[in-house]
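No experiment lies behind these values; they were computed from the predicted model shown.
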Amino acid sequence: MPRRSRRKFTLAEKALLVGEIEHQLRAGVGSVRSIAASLAIADASYHSWVKAGIRPPGTQQPVEGRHPTHGEREALVARVQRLAASGQTFRQACQAVGITEKSFQRWRERYAPPPAMRPVEVTALVPLGSTALAGPMPPPAPTSLTLQAPGGYSISGLDVASAAALLRALTC
């Protein structure tokens with residue numbers, strides 16, 4: 001049986017095909033495999049082109065051998081999250097963007113915004129360094145307070161009145 005010859009695609013054709021597959025993925029037309037089959041290419045070809053850094057026209061081409069910068073990583077994480085919010089799985093979104101799931105997970109942890117502070121019920125203010133609530137007379141009230149939140153945030157230089165006002169505002 002004679003062997004079928006493979007079609008050779010130019011770099012511009014590969015970029016257009018990658019762009020068309022990604023466009024149809026965002027539109028929810030189907031999976032990479034079904035879209036690639038409708039374009040008469042193998043899904044493995046699409047994945048190898050994306051892995052090789054072939055991007056659709058109008059997008060930034062990665063520089064060969066260069067790791068993405070901090071800003072590029074943030075943008076890639078945001079793009080994957082937008083694609084996932086539109087209905088794709090994280091695996092599909094990562095493949096569409098051209099990064100591995102492991103890189104996405106690592107970058108998401110590194111570039112995620114700090115966790116939101118959750119409300120905390122304040123029952124008593126105890127000066128830092130005090131080990132017991134009962135006992136000898138506590139030292140005079142400090143003139144400057146430091147509030148420390150569970151998420152690692154701290155606010156320094158507050159007087160008692162402004163600290164109390166801040167705590168009241170946070171508990172409402």
Side-chain angles (χ1 to χ4, degrees), residues 6-122 128 145-158 162-163 166-167 169-172:
R6 293 186 181 198
R7 179 164 176 220
K8 301 285 184 184
F9 294 99
T10 66
L11 187 58
E13 290 172 326
K14 291 176 184 179
L16 288 172
L17 287 167
V18 167
E20 181 60 27
I21 290 173
E22 290 179 0
H23 172 74
Q24 290 187 27
L25 278 174
R26 282 191 299 275
V29 171
S31 66
V32 171
R33 178 170 285 165
S34 64
I35 296 168
S38 70
L39 296 171
I41 62 168
D43 61 318
S45 296
Y46 164 77
H47 293 299
S48 67
W49 296 340
V50 169
K51 188 174 182 180
I54 297 172
R55 305 297 314 143
T59 60
Q60 182 179 2
Q61 296 287 335
V63 178
E64 193 67 32
R66 181 180 67 82
H67 293 286
T69 64
H70 174 78
E72 291 169 339
R73 288 176 181 169
E74 283 182 320
L76 288 169
V77 167
R79 186 169 174 211
V80 167
Q81 289 175 329
R82 278 194 308 273
L83 290 172
S86 71
Q88 291 186 22
T89 65
F90 278 107
R91 172 173 284 168
Q92 291 170 335
C94 288
Q95 287 175 347
V97 170
I99 61 173
T100 64
E101 286 181 82
K102 185 68 176 171
S103 292
F104 168 72
Q105 292 167 355
R106 194 172 51 246
W107 297 345
R108 179 177 56 184
E109 291 170 9
R110 186 174 299 154
Y111 302 117
M117 292 178 56
R118 62 182 188 270
V120 177
E121 182 179 338
V122 178
L128 292 176
L145 295 175
T146 299
L147 296 178
Q148 294 180 330
Y153 298 97
S154 66
I155 303 171
S156 301
L158 298 173
S162 60
L166 176 62
L167 290 172
L170 289 174
T171 58
C172 292

Min side-chain heavy-atom separation Val80-Trp107 under 4.5 Å: no
Side-chain heavy-atom pair Val50, Val97 within 4.5 angstrom cut-off: no
Arg55/Glu22 salt bridge by N-O under 4.0 Å criterion: yes
Spacing of Leu11 atom CG and Trp49 atom CH2 [to the nearest 0.5 Å]: 10.5 Å
Side-chain donor/acceptor of Ser162 to backbone N/O of Leu158, under 3.5 Å: no
Approximate separation, where rounding is to 0.5 Å, of Leu17 CG and Ile35 CD1: 12.0 Å
CG on Leu39 to CD on Gln24, rounded to 0.5 Å: 5.5 Å
Gln92 side chain to Thr89 backbone, donor-acceptor under 3.5 Å: yes
Side-chain heavy-atom pair Phe104, Glu109 within 4.5 angstrom cut-off: no
Rounded distance (nearest 0.5 Å) linking atom OH of Tyr46 with atom CZ of Arg33: 14.0 Å
Minimum heavy-atom distance between Leu25 and Ser31, given as atom pair plus value: CD2-C, 4.1 Å
Nearest heavy-atom neighbours spanning Ala93 and Ala84: CB-N, 4.2 Å
Thr100 side chain to Ser103 side chain, donor-acceptor N/O pair below 3.5 angstrom: yes
From CD (Glu13) to CD1 (Ile54), nearest 0.5 Å: 11.0 Å
Trace of the side chain to side chain contact (heavy atoms under 4.5 Å, CB included) decision for Phe9 with Ile41: CA-CA 10 Å; Phe9 294 99; Ile41 62 168; 3.5 Å; yes
Side-chain heavy atoms of Arg73 within contact of Val77, under 4.5 Å: no
Heavy-atom check, side chain of Ile155 versus side chain of Thr146, under 4.5 Å: no
Between Glu101 and Gln105: side-chain donor-acceptor atoms closer than 3.5 Å: no
Arg108/Glu74 salt bridge by N-O under 4.0 Å criterion: no
Enclosure of Arg91 CZ (heavy-atom neighbours >12, cutoff 6.0 Å): no
Val32 side chain near His47 side chain, heavy-atom distance below 4.5 Å: yes
